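Worksheet for the structure shown next.
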Amino acid sequence: MYIPNYIPEPDAIPENVTKEKYALRLVFIRQVVARFGLCIALISGMVSFVSRPPLVPTVLALLSLIAVCSLTRTLLRTKPKEYKVAESQLGLLVLGYLALTAALLGVQFPVWSLLFGFGCFFVYTAFCGRDFSFVGAYTLSVIVSSVLIASLAVFEHISPLTSAKALGWNAVGLLYVVYDLAALMSRRRKHETWAAVADLFRDVLNVFGYSYRVVRHWRRHRILNDFTPENPFK
């Protein structure tokens, strides 16, 4: 008897990272996290020198850029050099997120809180040894970073509303990065680390496509029937 998973299996390509030995998978994860951290550090270092653009046009422009990059990946998915195109798009994506960061700071949104979560994730990845776990990485990183953010809020007398926004933004952003890194390993080969970093920046819109896949998967396998209460008077 076949029992389907509650969520659809992720897309996979031949010879992806998940097919490699554990040691090689761990090297891939650490390289991607380190290079993603380098991009975040670049954005953080440059944002002070960037003017504060209006938020709504900046968000729309970034979403348009992400949509174009995502469409390019879809069209070139079967091409052997697709990862080269992804690498070439990384610079534009970093500039787009730099503009978004500047715009969020311009409206006093605590986008800085992500630095705590990403920093804890980087430390965990670097020092966990061979005992890496995506669940453990998120859990430990969000706990430690939340404590740090809350402590900063107390010492700097940050308002409760802003503190709540900072904690929520950190938790959601960290969840996205950790989950997407776990998912993209089935779509990347061991040498495509920079392309994987580009995926982390452009997979934001995947939540809509993946949600559609989940709904279609549930309908095909009638999974929602598992949650339907039985009628005791039948």
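Here the structure is a predicted model, which is why all the values come from computation and not from measurement.
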Below 3.5 Å, can you tabulate the donor-acceptor pairs from side chains in residues 84-91 to any protein atom, sequence neighbours excluded?
from, atom 1, to, atom 2, distance (Å)
Ser88, OG, Val85, O, 2.6
Gln89, OE1, Arg202, NH1, 2.8

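Between the side chain of Tyr176 and the backbone N or O of Leu200 there is at least one donor-acceptor pair closer than 3.5 Å. The backbone N or O of Phe116 lies less than 3.5 Å from no partner atom in the side chain of Ser145, so there is not a single donor-acceptor pair.
With a 6.0 Å radius and a threshold of 12 heavy atoms from other residues, nucleotides or ligands, Tyr22 has its OH atom above the threshold. Other residues, nucleotides and ligands contribute only 12 or fewer heavy atoms inside 6.0 Å of the CZ atom of Phe122.
The OG1 atom of Thr101 sits 8.0 Å away from the CG atom of Leu114 when rounded to the nearest 0.5 Å.
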Residues Phe132, Tyr124; criterion ring pair (Phe, Tyr, Trp, His ring centres under 6.0 Å); working and verdict: CA-CA 8 Å; Phe132 180 87; Tyr124 173 89; 5.7 Å; yes
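Contacts classified as ring-ring contact (aromatic ring centres under 6.0 Å, His included) and involving residues 32-53 (residues at least two apart or in different chains) are given here: Phe36-Phe118, Phe36-Phe201.
For the residue pair Arg25/Thr18, the side-chain donor-acceptor check at 3.5 Å is not satisfied.
One hydrophobic cluster, built from ILVMFWY side chains closer than 4.5 Å, cannot hold both Leu140 and Val172; they sit in different ones. Tracing side-chain contacts under 4.5 Å through hydrophobic residues (I, L, V, M, F, W, Y), one reaches Leu175 starting from Ile29; they form part of the same cluster. Residues Val27 and Leu181 are members of separate hydrophobic clusters, defined by side-chain heavy-atom contacts under 4.5 angstrom among Ile, Leu, Val, Met, Phe, Trp and Tyr.
Ion pairing between Arg73 and Glu82 holds under the 4.0 Å rule for side-chain N and carboxylate O.
The aromatic ring centroids of Trp194 and Tyr83 lie 6.0 Å or more from each other.
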